[in-house]
**Q** 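This is the structure I want to talk about, given as structure tokens.
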Amino acid sequence: ITNQATGQRANLVTNSAGTYASGALTPGDYVVRAEAPGFKTTVEPVTVLVGVTASANLKLEVGESSQVVEVQATELQVNTEQVTVQGVLNTEQIENLPINGRNFLDLAQLEPGVQIQDGGNFDPTKNGFSSISFGGRFGRTARIEVDGIDTSDETVGTTTQNIPEGAIQEFQIGQSMLDLSTELTSSGAVNVTTKSGTNSYHGEGYYYFRDQSLDANLPAASHNYFQRNQFGGDFGGALLKNKLFFFLDAERSKQDFVNPVVPGGTFSGLTGSFNSPFRELNGIGRLDYNLSNNYRLFYRFSYDQNSDVLAFAPNSFQPFKNVTHTRDHVVGIDFTTGSFTHSVRFGYMKFYNQITAVPAGSVFDPSPLIELAIGSDPNCINNAPDVFCSGQPFLAPQTTPQSDHQIKYDGSKAMGSHIIRYGGGFNHIQGGGFASFLKLGPAVSAGTGDCGATCLALPGGDTNPLNYPANTVTLANGQGFSSLKAAFGFPGGGLGPDNRFSWYVGDSWKIKPNFTLTYGLRYVRDTGRSDSDTGPLPALNQFGPGLGSAVNNPNKNFAPQLGIAWDPSKRGKTVIRAGIGLFYENSIWNNILFDRPAREPAGLFLAMQPVCTAGAAPAGGVTLPDGTVVNPTFCGLPIGQVQGQIAALQAQYQAAALKAGPQANPVYIGNSLADGINATGTNLFAPDYKTPRSVQMNAGIQHEIRKGMVFTADYLRNISTHTLLAVDTNHVGDARYLNVN
């Protein structure tokens, strides 16, 4: 089996049943050459696609081996070997199909049943990234792998990095009955391979430009300033012919946009805007080395840095700056020994995201000392359409790091009419960081009530948001660590670490030359996704037997699979396939971000303190963490007149929290019997926690109608059998359980 671009060759011997397996091959064009004494040599070209089992079934004619029979390959081939519902985009499609913004995951929308989600819609740390929804399932837990190594974001979902589009060799999208070697997911998977150099030197340079002057002249179009510049290039070739190859790619995105803010109703006169720039630089470098005919080694380094300024709640004067840095090292080796094939991958990935406030004066801000909300959303995070929002962003500051140390092995052996596959992996995943919500300014809201007589008598009346009364005021203690575990140089906030261990074994059995039965078993175990190490909460047992028991860590996640692929015509032009399997799902760390603080009896965690409710201060005043009692006098007064007093009280509250230190934890559920950093209620994992999972079924047919045209029809079914079980601690007296999707 010879790679036509690099000369890499694998020499194999078939077994007594005529079966052979190449193991892992770099996607590309190959030539399969079969020789045997007393038979003519047969040669067939084969295209290998990422994640797809390529088939080359050769028939040798009696004759001299010096005689060569060349078999012509078809442009498109029906996959008669696999049950997986999948699609592959090749280099030609990637290079020639236009993708707005050149985000590599946007390529997935070219497959049926796949939709793209803006990553910023489900977490601000994902601004500038895309997410993938398979068959209507939410895109947080789609698994993203590049060159066989996992690059998924374990905190909020989707990916940790963007890859230059010009560096992608092939792009596979798996939707149902995923291959046994796929990492943890029941939602779907993306498998990307990057380009390597070849014996020929190839390169490209490009520049893309777009701005608002090219917009259609539509009625009522705002025509806000917009300009995008994207440029980059790649180059690759051979350092040693047939031996050592290199490939380099770099891309830069520079986008500027004036983001309009158009309040409605009473505040329609406060229309404004803020600058919303986006910058990204990403690139890769790769070396491939043919150690010998049956041994191939590669190393890849990739880097991605992006930054943007956006508001979490659209149409608000609350932008924040979001910056991400990701670097990734991958080493891989593929080789064969006799009838065994081996593929080994080592990977190290470091992801680092920060959210900060934008510089003062860069946006219209009538309330620079506080987070101001007039309307039904007191924190400007729920995208309520009737809210005027300005001031300090609720979500800043934040830091979200992640590191992966991963090793994977995949092997196979041809035995008679069977190809036995097996493998395993270990990934040490460390998460962490902090989220100091409202640290930069307390939340002040007038709610949805009328402006009031005092408000109307002030200059500007009800058109000035600072004239409204401070009806709801919430202070934050300035802390943001979600655990007591040190990580990434911080004294707390560590998530996990999660040691993900997995293995699988399976068989592809050619019962007949045109009928393949595949079956296998996969196992996966995560050690750091349920806070099982925190122990029991005895105080909760009064509400139900076992309710306060320690959280279970699932240790029996066995996932069987079974499928068939049948070619009734025996001509490789039709396949009927069907399969069923159990697939486990990833539980992102955001699910337990506020679980651990409620379980720790002592510690300095994020806490919020209401000091004004319905325009009044609590009877008896407000007790600060150091025991000081204060009596707020600003509740119900015009916000503009008291925002300085409110900010001063928050500074006093934060100083008191530091003075008190990690003593009694005010959000410990054993004391408060309420779960939540401000008693509004989040969810604790229930003692009988189970890993989310689903049963997947599919049945379908593929038929080559004519050369270059294949008809495909598939029926897919995904049945979720367990979701995340959580204790509803706002109604803990009823010992009720919630299913949290």
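Just so it is clear, the values below take in all heavy atoms, side chains as well, and ignore hydrogens, waters and symmetry mates.
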**Q** Please work out which of the three classes, parallel, tilted or perpendicular, describes the rings of W503 and Y523, given edges at 30° and 60°.
**A** parallel
**Q** Do we get R345 above F298's six-membered ring, with its NZ or CZ under 6.0 Å from the centre and within 45° of the axis?
**A** no
**Q** Indicate yes or no: does K408 engage E183 in a salt bridge with an N to O separation below 4.0 Å.
**A** yes
**Q** Does K126 make a cation-pi contact with F129, if we ask for NZ or CZ under 6.0 Å from the ring centre and within 45° of the axis?
**A** yes
**Q** For a quick check under 3.5 Å, do S403 and K350 share a side-chain donor-acceptor pair by atom type?
**A** no
**Q** I'd like to know if the side chain of K573 and the backbone of I705 have a donor-acceptor N/O pair within less than 3.5 Å.
**A** no
**Q** Is R143 paired with E585 through a side-chain N to carboxylate O contact shorter than 4.0 Å?
**A** no
**Q** Under a plain distance cut-off of 3.5 Å, with no hydrogens placed, do D304 and S302 share a side-chain donor-acceptor pair?
**A** no
**Q** Answer yes or no: is there a donor N or O on one side and an acceptor on the other, between the side chain of T336 and the main chain of S22, under 3.5 Å?
**A** no
**Q** In plain terms, say whether R529 and E154 are close enough for a salt bridge, that is, a side-chain N and a carboxylate O under 4.0 Å apart.
**A** yes
**Q** Any chance the side chains of Q109 and Q115 put a donor and an acceptor closer than 3.5 Å?
**A** no
**Q** Do the side chain of Q561 and the main chain of I580 share a donor and acceptor less than 3.5 angstrom apart?
**A** no
**Q** Is a salt bridge present between D288 and R300, judged by a nitrogen-to-oxygen distance below 4.0 Å?
**A** no
**Q** Students often mix this up, so state it plainly: with edges at 30° and 60°, are the rings of Y201 and F235 parallel, tilted or perpendicular?
**A** parallel
**Q** Do the ring centers of F426 and F501 come within less than 6.0 Å of each other?
**A** no
